[in-house]
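All values below come from the heavy atoms of this structure, side chains included, with hydrogens, waters and symmetry mates left out. Chain letters run A, B, ... following the sequence lines, proteins first and then strands; every chain starts at 1.
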Amino acid sequence: MTDPLGVFKIFPHLANGGYRVSSASTSGYNCIAWAAARDDRWWWPHPDGFWPPEAPLNETLEAFEAAFASLGYVRCIDYSLERRYEKIAIYASTAGIPTHAARQLPTGRWTSKLGRSEDIEHSSPDALISNNYGAPALFMRRRLGVFQVALRWFWAKFGRA
Amino acid sequence: MSFAATIRPTPLQEFLVEDFYNAIGDRVGGSEPGGVAARSRYACRHYFDPVAITRRKQILEESFRRLADDWLEKTAFEASLSDIIKLPAYQAIIELGEEAVPFLLRELESRPNFWFAALREITKANPVADKDKGHLGKMTQAWLRWAKEQRISW
């Protein structure tokens, strides 16, 4: 299993399913923005970060849930692939402080922006369980439109596995 | 009368004026070789010496560089802005005070990153518009524009 970013020490579970680097590193956006499919701002409830005005400005799972709810996401029970839904996972430390977020791709794999480092594609949310990120604490999903479902089907069938 | 009893705590700027030391020297009769006046003249020459000033700036810049690199390394995978500014290296940069501002601006210009909390803490200014929060490029431009308006060179 290759480790092009040398991160197996930090995220040991990545070694199980491997990962693929899918972008260059940048400080222009972070994992929360990337989970929200944005790449132009750093999202965080902090005086220097962007934060949706509908969500409370504090570092709690409730505030992060509200931030994604403002984009149409609702809580769901797991991270299985559902054809008509796009899912995200919000990670939290053992103290319950949010640390990271990941988004499910049409293939069922997941994409994460690692801080200001690269975006990676990984097998499941569990692959990033670590001291740094804690573990997935909340899953959310939003229903896709017909066109998006068709696009996902096409991507899953003919896109990169 | 002892020397300590003759003077009171004085602002640094006054300490660095040679006449001030000469006056003390006269008052305490310290014009003898190796006395207060001679030592003060030596101190003044040292602190106003361009070589000493340049060297001090170099040391500060080297310290800043080490701290900035350390901070960048330790925050590579962090998303939390609250956590990254709590790190000791970031706090140490804030403690460098106003002298760190040109280094911060240079760093911001060459490899933009979230140095805004440090700049805010040191300068007590906040030139970033609410609508630009989180947008690294626009926040950087706002600070560099502010620095130019303040005639800060970096």
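- The two residues A:Tyr79 and A:Gln104 have their closest heavy-atom pair at O-NE2, 3.2 Å.
- Across all non-hydrogen atoms, the minimal contact from A:Tyr19 to A:Thr2 is CE2-O, 4.1 Å.
- In this structure, the side chains of A:Trp110 and A:Pro136 stay at 4.5 Å or more apart for every pair of heavy atoms.
- Interface residue A:Thr99: only backbone heavy atoms are found under 4.5 Å from chain B.
- Among A:Asp40, A:Asp48, A:Ile32, A:Asn30, the residue making the largest number of heavy-atom pairs under 4.5 Å with chain B is A:Asp48.
- Inspection of non-hydrogen atoms places no residue of residues 140-154 of chain B under 4.5 Å from chain A.
- Looking at A:Glu118, there are no atoms closer than 4.5 Å to chain B (heavy atoms on both sides), in backbone or side chain.
- Looking at B:Glu107 and B:Arg65, a side-chain N of the basic residue comes within less than 4.0 Å of a carboxylate O on the acidic one, giving a salt bridge.
- Looking at A:Asn132 and A:Tyr91, their side chains never bring a donor and an acceptor atom within 3.5 Å of each other.
- Of the listed residues (B:Arg56, B:Lys57, B:Glu61), just one forms a side chain to side chain contact (heavy atoms under 4.5 Å, CB included) with B:Glu99, and that residue is B:Arg56.
- A salt bridge (charged side-chain N to carboxylate O under 4.0 Å, His left out) check over residues 68-81 of chain A, counting only residues at least two apart or in different chains, returns the pairs A:Glu65-A:Arg75, A:Asp78-A:Lys87.
- At a 4.5 Å heavy-atom cutoff, the contact between A:Tyr133 and chain B is made by side-chain atoms alone.
- Other residues, nucleotides and ligands contribute more than 12 heavy atoms inside 6.0 Å of the CD atom of A:Glu54.
- When B:Val128, B:Asp83, B:Leu72, B:Leu136 are compared by the number of non-hydrogen pairs under 4.5 Å with chain A, B:Leu72 comes out ahead.
- Proximity to chain A (any heavy atom under 4.5 Å) is restricted, for B:Phe114, to the side chain, taken from C-beta onward.
- Side-chain polar atoms of A:Tyr85 and A:Arg143 form a donor-acceptor pair below 3.5 angstrom.
- By the 4.0 Å N-to-carboxylate-O rule, B:Asp69 lies too far from B:Arg66 to be salt-bridged with it.
- A:Phe64 has its side chain out of reach of A:Leu138: every pair of non-hydrogen atoms, C-beta onward, lies at least 4.5 Å apart.
- Contact of B:Arg120 with chain A is made through the side chain alone, with heavy-atom distances under 4.5 Å.
- At a 4.5 Å heavy-atom cutoff, the contact between A:Ile10 and chain B is made by side-chain atoms alone.
- Heavy atoms of A:Pro47 lying under 4.5 Å from chain B belong to its backbone as well as its side chain.
- Among A:Ala33, A:Pro45, A:Ser25, A:Gly49, the residue making the largest number of heavy-atom pairs under 4.5 Å with chain B is A:Gly49.
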